[in-house]
> 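Before we start, here is the structure in question, set down as structure tokens.
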Amino acid sequence: FIPNIQSNPDTGVTNCSVLNTPGETYVLSNDIHNNDITDNCINISASNITLNCNGYYIWSMKNYTGVYSNSPNTTVKNCNITMGSGANANANGIYFNGANNGTIFNNSIFGDSYNGIFLDSSSNNNLILNNATSNSSFGIWLYASPKNILTSNIGISNSSGIGIGLSLSLNNNLTSN
């Protein structure tokens with residue numbers, strides 16, 4: 001007897017999208033360059049979603065976020081992101097807003113994004129091996145976001161001079177940043 005084993009192939013992403021299938025792994029299959037967006041490029045709106053950019057780029061001169069999540073257990077990995085112009089506060093590379101128990105791994109955010117990675121009211125996340133360089137405010141900014149673990153992240157050459165900033169964010173663990 002040979003059991004019938006079914007596997008779900010990853011879902012390809014080729015342009016700015018809403019990712020809303022719980023438990024799905026989405027994989028970028030090309031660079032996304034979009035100067036016509038009217039909202040965040042990638043919106044993660046369900047739990048247990050993984051976005052693997054596979055080294056591809058998300059880029060726009062518009063002042064929106066590259067990857068946004070307000071859902072638990074979100075994973076964002078292997079992305080290169082440049083968003084915004086003129087240091088607008090609405091332009092963030094990766095923005096977790098009330099997104100808990102997630103992972104942000106091996107991403108590079110550079111250019112004129114206001115914050116490279118922004119956690120707002122988000123807890124119990126792991127940020128590992130991210131590079132947030134030459135952003136207009138903070139490389140990595142945690143606001144009202146307790147109990148996160150930040151390991152081996154780089155925040156350099158930011159206009160504010162602050163690579164990693166925390167405000168109202170208690171009990172975070174920062175190692176080798």
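Just so you know, residue 1 is the first one in the sequence shown, and it goes up from there.
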> Examine I117 and L174 and state if one hydrophobic cluster contains both, with Ile, Leu, Val, Met, Phe, Trp and Tyr joined whenever side-chain heavy atoms are less than 4.5 Å apart.
yes
> Yes or no on side chain to side chain donor-acceptor pair (under 3.5 Å) for N73 and N101, after CA distance, side-chain angles and deciding distance?
CA-CA 5 Å; N73 302 310; N101 303 308; 4.5 Å; no
> Tell me the closest heavy-atom pair linking G116 and I109, and the distance in Å.
CA-CG2, 3.5 Å
> Quick one: does I140's side chain get under 4.5 Å of L127's, heavy atoms only?
yes
> Could you please spell out the steps behind the side chain to side chain contact (heavy atoms under 4.5 Å, CB included) verdict for S85 and N63?
CA-CA 6 Å; S85 61; N63 291 313; 4.2 Å; yes
> Please check: side-chain N/O of Y114 versus main-chain N/O of G84, any donor-acceptor pairing under 3.5 Å?
no
> Please walk me through it: do W141 and D120 pass side chain to side chain contact (heavy atoms under 4.5 Å, CB included)?
CA-CA 8 Å; W141 175 238; D120 185 359; over 6 Å; no
> Please name the pair of heavy atoms, one in G66 and one in M83, separated by the smallest distance, quoted to 0.1 Å.
N-CG, 3.4 Å
> Any side-chain heavy-atom pair from I164 and L150 closer than 4.5 angstrom?
yes
> I need the minimum non-hydrogen distance between Y143 and L168, along with the two atoms involved.
OH-CD1, 3.5 Å
> Would you check if V67 and I104 make a side-chain contact, meaning some heavy-atom pair closer than 4.5 Å?
no
> Is it the case that the side chains of N100 and N124 hold a donor-acceptor pair, with the cut-off being a distance below 3.5 Å and no angle test?
no
> Using a 4.5 Å cut-off on heavy atoms from C-beta on, say whether the side chain of I58 contacts that of I42.
yes
> If we only count heavy atoms from C-beta on, is the I81 to I94 side-chain gap below 4.5 Å?
yes
> Which pair of heavy atoms, one from S169 and one from A144, lies closest together, and at what distance?
OG-N, 3.2 Å
> Taking atom CG of N52 and atom SG of C79, what is their separation to the nearest 0.5 Å?
7.5 Å
> Assigning hydrophobic clusters by single linkage (Ile, Leu, Val, Met, Phe, Trp, Tyr; side-chain heavy-atom cutoff under 4.5 Å), is L129 placed with I154?
no
> If I take atom OG from residue S17 and atom CG from residue N40, how far apart are they, to the nearest 0.5 angstrom?
12.5 Å
> To the closest 0.5 Å, what do you measure between SG (C41) and NE2 (H33)?
10.5 Å
> Can you see whether N177 engages T175 through a side-chain donor-acceptor pair at a distance of less than 3.5 angstrom?
no
> Can you tell if the side chain of N107 reaches within under 4.5 Å of the side chain of V76, non-hydrogen atoms only?
yes
> Applying the 4.5 Å side-chain criterion to the ILVMFWY set and letting contacts propagate, would F105 and L51 be lumped into a single cluster?
no
> Who passes side-chain hydrogen bond (donor to acceptor under 3.5 Å, both in side chains) against N125, sequence neighbours left out?
N148
> Would you give the length of the straight line joining atom CG of N106 to atom NZ of K77, rounded to the nearest 0.5 angstrom?
9.5 Å
> Below 4.5 Å, heavy atoms only, C-beta onward: do Y57 and T82 meet side chain to side chain?
no
> Is it true that the side chains of N92 and N115 contain a donor and an acceptor less than 3.5 Å apart?
yes
> One pair to check against side chain to side chain donor-acceptor pair (under 3.5 Å): N20 and S45. What are the steps and the verdict?
CA-CA 5 Å; N20 58 10; S45 63; 4.8 Å; no
> Are N78 and N54 close enough, and set up right, to give a side chain to side chain donor-acceptor pair (under 3.5 Å), and what steps lead you there?
CA-CA 5 Å; N78 304 319; N54 231 11; 5.5 Å; no
> Contact between S108 and N130 at the side-chain level, heavy atoms closer than 4.5 Å - yes or no?
no
> Mind checking whether Y56 and I37 sit in one hydrophobic cluster, side chains of I, L, V, M, F, W, Y counted as touching below 4.5 Å?
yes
> Quick one: CG on N34 to NZ on K62, what's the gap to the nearest 0.5 Å?
9.5 Å
> L28 and C53: which non-hydrogen atoms are nearest, and at how many Å?
CB-O, 3.5 Å
> Please go through L170's hydrophobic cluster and name the other residues, only I, L, V, M, F, W, Y counting, with side-chain heavy atoms under 4.5 Å joining them.
none
> Please confirm whether the backbone N or O of M61 pairs with a side-chain atom of N35, one donor and one acceptor, at under 3.5 Å?
yes
> Are N70 and N97 linked by a side-chain donor-acceptor pair shorter than 3.5 Å?
no
> With rounding to the nearest 0.5 Å, note down the distance linking CD1 in I149 to OG1 in T103.
9.5 Å
> Would you confirm whether T50, through its side chain, and T25, through its main-chain N or O, come within 3.5 Å as a donor-acceptor pair?
no
> Is a donor on one side and an acceptor on the other found under 3.5 Å between the side chain of S145 and the backbone of L119?
yes
> Give me the atom names and distance for the closest heavy-atom approach of G102 to F96.
CA-CE2, 4.4 Å
> Sequence neighbours left out, what passes ring-ring contact (aromatic ring centres under 6.0 Å, His included) with Y68? Give chain and number order.
Y95
